[in-house]
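Reviewing the structure listed below.
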Amino acid sequence: MESLIHDWDGECVIVRYDTAAHAWMFIAIHDRTLGMALGGCRFKVYTSPREALRDALRLARGMTYKWAAVELPFGGGKAVVAPMRALDAAQRESLLLRFGDILESLAGLYGTGIDLGTTPADMNIIGRRARWVFGRTPEEGGSGDPGPWTARGVYAGLQAACAHVFNGSALAARTVLVQGTGSVGAPLARRLAVDGARVLIADAIPARVKALAEEIGADVVMPESVYSTPCDVFAPCAIGGILNQRSIPRLECRIVAGSANNQLERDEDAELLHGRGILYVPDFVINAGGAIAHASLEVMRWTEEETAKRIDRIRNMVAEILELSADAGESPLHEATRRSERVLEDARAAKRKGSVDASEVAR
Ligand code: PHE
């Protein structure tokens, strides 16, 4: 854990071991140049606290780049709540309340929301103890599950990626493999099926994937065959780290574009994809729909229509990034990263200027 923190470029990590639930809690604050840190809370049993910390650090970093990509005034942060073993409902609830106490003690340093393993009902629980909670149920004043909004953004990004690779042809002509049929993968697969695309779906939970396959007429792919199944688009919508030295050589697709955070195990894996001629749409750009929805509906108080429009801008953003990357002959990850860094640099410069102006006034 020492080396993970040593090699990380973020601001700070709040660490708590909860004895009652045998759970680790990590809140990683990566960069608050653009505003308070805001990012979801992941709830998951990991193989070790180190893996949980690693996830928190990388997820928080991804949030910094995501907010910068969509130019909304928030910083990168993420929470991971990692019980050492599965909890029953009562244990889970009391753990979430204690997480809420920590959140409240941070007094606005970090705001939380939904991520893998948490639901609007969980946010209601955390919200009993803390402000700065997003994604509560509508009855409790929140905007609910951001999954469908994230799916909307991924869909827009997929349209741009397919237009780029297949000369403007529609998604209807494509085969898309969706990995993960949870709160983003399921609405995405539904939408693609309505469009007439050939949809392949995979999920670690057999009953869940079977039910969705029957509902939308999709074909089921076994989890162990996901990487080697031929398709036009591979859409990872589950866990991170799935694009790595082991999986990339097996891929039989033209495009990788999905909602999962941290799809690349290491940034260098983008070069492996590029080398194989597989177009990788950077996750923090294409999956920003959920973040946009949280900010738009709960902070800016934009209407659903405005929120949808803002999310649909992901289509143009992806198209631009892909064009510039093709011209430069490099992986789209570089252009996407540079864009976000430019936004952060401009904000830092404006802040420095702001402080000079203030001192001038004082003089
Ligand atoms: N967890 C989702 C993401 O990483 C949605 C989210 C964004 C939740 C911002 C809270 C805050 O994009």
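Hydrogens, waters and symmetry mates play no part in the numbers below; they use all other heavy atoms, side chains included. Model, not experiment: these values are computed from the prediction. In each ligand, atom 1 is the first atom listed, and ligand 1 is the first ligand listed.
Salt bridge annotation for R338-E341: absent, with no cationic side-chain nitrogen under 4.0 angstrom from a carboxylate oxygen. Salt-bridge formation is detected for the pair D219/R198: a Lys NZ or Arg NE/NH1/NH2 atom is positioned less than 4.0 Å from an Asp or Glu carboxylate oxygen. Salt-bridge check for E345 with R348: passed, with a basic side-chain N closer than 4.0 Å to an acidic carboxylate O. No salt bridge links K309 with E306; every basic N to acidic carboxylate O contact stays at or beyond 4.0 Å. Salt bridge annotation for E298-R136: absent, with no cationic side-chain nitrogen under 4.0 angstrom from a carboxylate oxygen.
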Give one line per pair: atom of ligand 1, protein atom, distance. Only N/O to N/O under 3.5 Å.
| from | atom 1 | to | atom 2 | distance (Å) |
| --- | --- | --- | --- | --- |
| ligand 1 | 1 (N) | I114 | O | 2.8 |
| ligand 1 | 1 (N) | D115 | OD1 | 2.8 |
| ligand 1 | 4 (O) | K66 | NZ | 2.9 |
| ligand 1 | 4 (O) | K78 | NZ | 2.7 |
| ligand 1 | 4 (O) | N261 | ND2 | 3.2 |
| ligand 1 | 12 (O) | K66 | NZ | 2.6 |

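Pairs engaging residues 263-289 under the ring-ring contact (aromatic ring centres under 6.0 Å, His included) rule: Y65-F284 [sequence neighbours left out].
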